[in-house]
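All remarks here apply to the structure that follows.
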Amino acid sequence: MEQQLSEQERIRRDKLNELRRMGINPYPAPEYHVSHVAADIKARFAQQPEAFTQVRIAGRLMSMRDMGKACFAVLQDHSGRLQMYVRKDDICPGDDKSLFDIVFKKLLDIGDIMGAEGYVFTTKTGEISLHVKHFTLLSKALRPLPIVKTDDSGQSFDAVSDPEFRYRQRYVDLIINPQVRDTFVKRSKIINCIRRQLNAAGMLEVETPILQSIPGGATARPFITHHNALDIPLYLRIANELYLKRLIVGGFDGVYEFAKDFRNEGMDRTHNPEFTVLEFYVAYKDYHWMMQFCETLLEQVVLDLYGSTAVQVGATTINFKAPFARLSMREALLQHAGIDISTMDEAALREACKQRHIATEAHMGRGKLIDALFGETCEGHCIQPTFITDYPVDMSPLTKAHRSLPGYVERFELMVNGKELANAYTELNDPLEQRTRFDEQLKLQARGDDEAMFIDHDFLRALEYAMPPTAGIGIGIDRLTMLLTNQAAIQEVLFFPQMRPQHQTPQTHEQPTT
RNA sequence: GAUUCUGUAGCUCAGCCGGUAGAGCAUUACACUUUUAAUGUAAGGGUCCUGGGUUCGAGUCCCAGCAGGAUCACCA
């Protein structure tokens, strides 16, 4: 395929050929032994200078300041950046100065991967640097790397800020924008911290099917695909809830899964077609226990991440110190909307929506109407972590009926910064009741609600073998990460967010059939 | 899906009332033995997102499309 090369790309290809002509392999095979990393050198050199007399580091060349017979260059490895001082007479002790004059100064470029060996010292201006004795080209870059310069006050110049560029070429974004890397490191820490706590609580990490013939456990439009050998449609899972509960039936008393779920719906700054949800289920517990577990779980995550329970999100400080506030759905609406849903029928709720200019649909039952009222009047008020408890039964088909409030279920959502972060309940384990609830979903479907749940008969069969009383929860990991890293867009916490194809899609390749 | 803004050099951006393209960084060449967004001098580098239209003439005005952002609606 013929491709148009820019001037800078042509020059770099010329340099590649020149290196080969000089007998230098621009993509060498042997291991390059690395003895130190940049951040470690900077952190420990002042205390133990004697430990850094022989140092080998490797990374990407990020800048080069040519001073004639010496050069200052910056190498970036996974830990950070370190300045290198490269002097002609050190690199070329003999008469042949080409290694410095030609190879280092002319044939290396910003973006190249290289290794450097030497001793650490502090420059006249006080910067801890590597005095380079030997260098090795490890991989030649053929495309120019966008240069972001930062001055002493930390202000950066010409930073690549175009989200399209950053998301489509995340690898470049990660190289040149250190704060982006930091966000993803935090994401990993969040997941690790949660996993550690769940393991410590004796739960088992499990994997359940992503390809499902009945996409259950939530209400959403699924992606559909086709299995050739079985000649059946399969759906990408929208939730893993029903599978995890089958495992509770099977005798595991605590199971969890960090699950990629898929929903074939709109995309915006808070929705990506694939996203990550942590779900876990614990036998012999109820939703009160789950609230306690959840608040200490999240408190510990924030503590691990920041050393304090407080997080700055935009202009507000959110404190994850347990216990979190608890407010029933009825109390919340009483407080923020001045209405008492316990005394209102469907018509009264519809009227309340109308008064507040909230759009309603004919198929909306009590549950959806209350949900709409709550979303409109209460949600935005829940800035500090708040458990909203006790939801109407008709919007929670998998939840056990409330122990004392008829018409309600034992469910809570955790609201933080005006948004839902977790959804949990005392699981419905009465198989006959579950069958009735599924039937009600069918009726909703008949009323025109295209989000009603599919019926999973195998799941009902599992419940008929008896599932212990169980508490379960789902926590949106992307949303949690957004909150804890102060990011407004889900694209900022996903390495490779879904994007529209940039150019006209080439002819779809023939599916290889087996 | 609706509204709105944006798309110009590798990157960040100017480009007036319509007259065939500009800066900084990066690149190339030269100078300089501790620089800090290094500096100085010089040079090269463009499918102005794509396709139509208006016009003697379009980066600029009009229409359509593509991609991205923001706001709104729905979903997590």
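Numbers restart at 1 for each chain; the letters A, B, ... are given by sequence-line order, proteins then strands.
Rounded to whole Å, the P atom of B:G45 lies 13 Å from the corresponding atom of B:G22. Nucleotides B:C25 and B:A21 have their P atoms positioned 23 Å apart, rounded to a whole Å. Between the P atoms of B:G1 and B:U8, the separation comes to 24 Å (whole Å). Of the C1' atoms belonging to B:G69 and B:A76, the separation is 22 Å, rounded to the nearest Å.
Of the candidate nucleotides B:G10, B:G69, B:A76, B:G10 has the atom nearest to the side chain of A:P144. The listed nucleotides are B:A29, B:A73, B:A26; the one nearest the side chain of A:D268 is B:A73. When distances run from any side-chain atom of A:R65 to the nucleotides B:U12, B:U35, B:U28, the shortest one goes to B:U35. Distance from the side chain of A:T219 is smallest for B:A76 among the nucleotides B:A76, B:G68, B:C30. With B:A73, B:G44, B:U34 as the choices, the nucleotide that has an atom nearest any side-chain atom of A:E7 turns out to be B:G44. Checking B:U34, B:U12, B:G68 against the side-chain heavy atoms of A:V160 singles out B:U12 as nearest. Side chain of A:H271, nearest nucleotide from B:A76, B:A70, B:G10: B:A76. Of the candidate nucleotides B:G69, B:C72, B:C74, B:G69 has the atom lying nearest to any side-chain atom of A:P163. Checking B:U35, B:G69, B:U27 against the side-chain heavy atoms of A:I110 singles out B:U27 as nearest. The nucleotide whose nearest atom lies closest to any side-chain atom of A:F165 is, among B:U34, B:C11, B:C75, B:C11.
At a threshold of 4.0 angstrom between heavy atoms, the contacts of A:D14 with the nucleic acid are absent. Using a 4.0 Å heavy-atom criterion, one finds that A:D478 contacts no nucleic acid atom at all. Contact annotation for A:F262: no contact, since no heavy-atom pair falls under 4.0 Å across all strands. Using a 4.0 Å heavy-atom cutoff across all strands shown, A:K105 reaches no nucleic acid atom at all. Across all strands, A:T123 comes closer than 4.0 Å to base atoms (heavy-atom distances).
Under the 4.0 Å criterion applied to side-chain N and carboxylate O atoms, A:D101 and A:K106 are not assigned as salt-bridge partners. With respect to the salt-bridge test (charged N to carboxylate O, under 4.0 angstrom), the residues A:R411 and A:E413 qualify. Remark: A:R187 engages A:D478 in a salt bridge, criterion side-chain N to carboxylate O under 4.0 Å.
One N or O donor and one acceptor, one from the side chain of A:Q8 and one from the base of B:A26, sit under 3.5 Å apart. The base of B:U35 has none of its N or O atoms less than 3.5 Å from a complementary donor or acceptor on the side chain of A:E127. For A:D162 and B:C13, a side-chain-to-base donor-acceptor distance below 3.5 Å is absent, hydrogens and geometry of angles not being considered.
Pairing for B:A64 is with B:U50, a Watson-Crick or G-U wobble pair whose two hydrogen-bonding atom distances lie under 3.5 Å. Nucleotide B:U71 is matched to B:A2 when pairs are restricted to Watson-Crick or G-U wobble geometry with both distances under 3.5 angstrom. With a cut-off of 3.5 Å on both Watson-Crick or G-U wobble distances, the partner of B:G57 is given as none. Pair check for B:C30 finds B:G40; Watson-Crick or G-U wobble, both atom distances under 3.5 Å. Figure legend. B:C13 is base-paired to B:G22; pairs are counted as Watson-Crick or G-U wobble with both atom distances under 3.5 Å.
Projected onto RNA chain B by closest heavy-atom contact, A:K15 and A:P273 fall at different nucleotides, the more 5' of which corresponds to A:K15. When each of A:S129 and A:E420 is assigned the nucleotide of RNA chain B bearing its nearest heavy atom, the one mapping closer to the 5' terminus is A:S129.
At B:U12, none of the side-chain N or O atoms of A:K149 fall inside 4.0 Å of OP1 or OP2 (strictly under the cut-off). OP1 or OP2 of B:A67 sits under 4.0 Å from a side-chain N or O of A:R500. The side chain of A:K106 contributes an N or O atom lying less than 4.0 Å from OP1 or OP2 of B:C30.
Each of A:L82, A:L75, A:V148, A:V74 was checked for a side-chain contact (heavy atoms from CB on, under 4.5 Å) with A:M62, and the lone residue meeting it is A:V74. Tested against A:R237 for a salt bridge (Lys or Arg N to Asp or Glu O under 4.0 Å), the candidates A:E274, A:E257, A:E207 yield a single pass: A:E257.
Spacing between atom CG of A:L108 and atom P of B:U27 amounts to 12 Å, rounded to whole angstrom units. Distance CD1 (A:I473) to P (B:A76): 15 Å, rounded to an integer number of Å. Between A:N264 atom CG and B:C75 atom C1' there is a gap of 12 Å when expressed in whole angstrom units. The nearest whole Å value for the distance from the CZ atom in A:R12 to the P atom in B:A26 is 12 Å. Here B:C11 presents its P atom at 15 Å from CZ of A:R166, a figure rounded to the nearest Å. Rounded to whole angstrom, the span from the CZ atom of A:R269 across to the P atom of B:G68 amounts to 16 Å. In this structure, CG of A:L130 is placed 18 Å from P of B:U34, rounded to the nearest angstrom. Regarding A:I490, its CD1 atom lies at a distance of 16 Å from the P atom of B:C75, rounded to whole Å.
Judged as a ring-ring contact (aromatic ring centres under 6.0 Å, His included), and not counting sequence neighbours, the contacts of A:F293 are A:F280, A:W289.
More than 12 heavy atoms of other residues, nucleotides or ligands shown are found within 6.0 angstrom of NZ on A:K97.
Taking the ring centroids of A:F52 and A:Y119, they lie at or beyond the 6.0 Å cut-off. In summary, the aromatic rings of A:F495 and A:F184 are positioned with their centroids under 6.0 Å apart.
Annotated as anti: B:C56, whose glycosidic dihedral deviates from 0 by more than 90°.
The side-chain ring of A:F275 is stacked on the base of B:A76, judged by centre separation under 5.5 angstrom and plane angle under 30 degrees.
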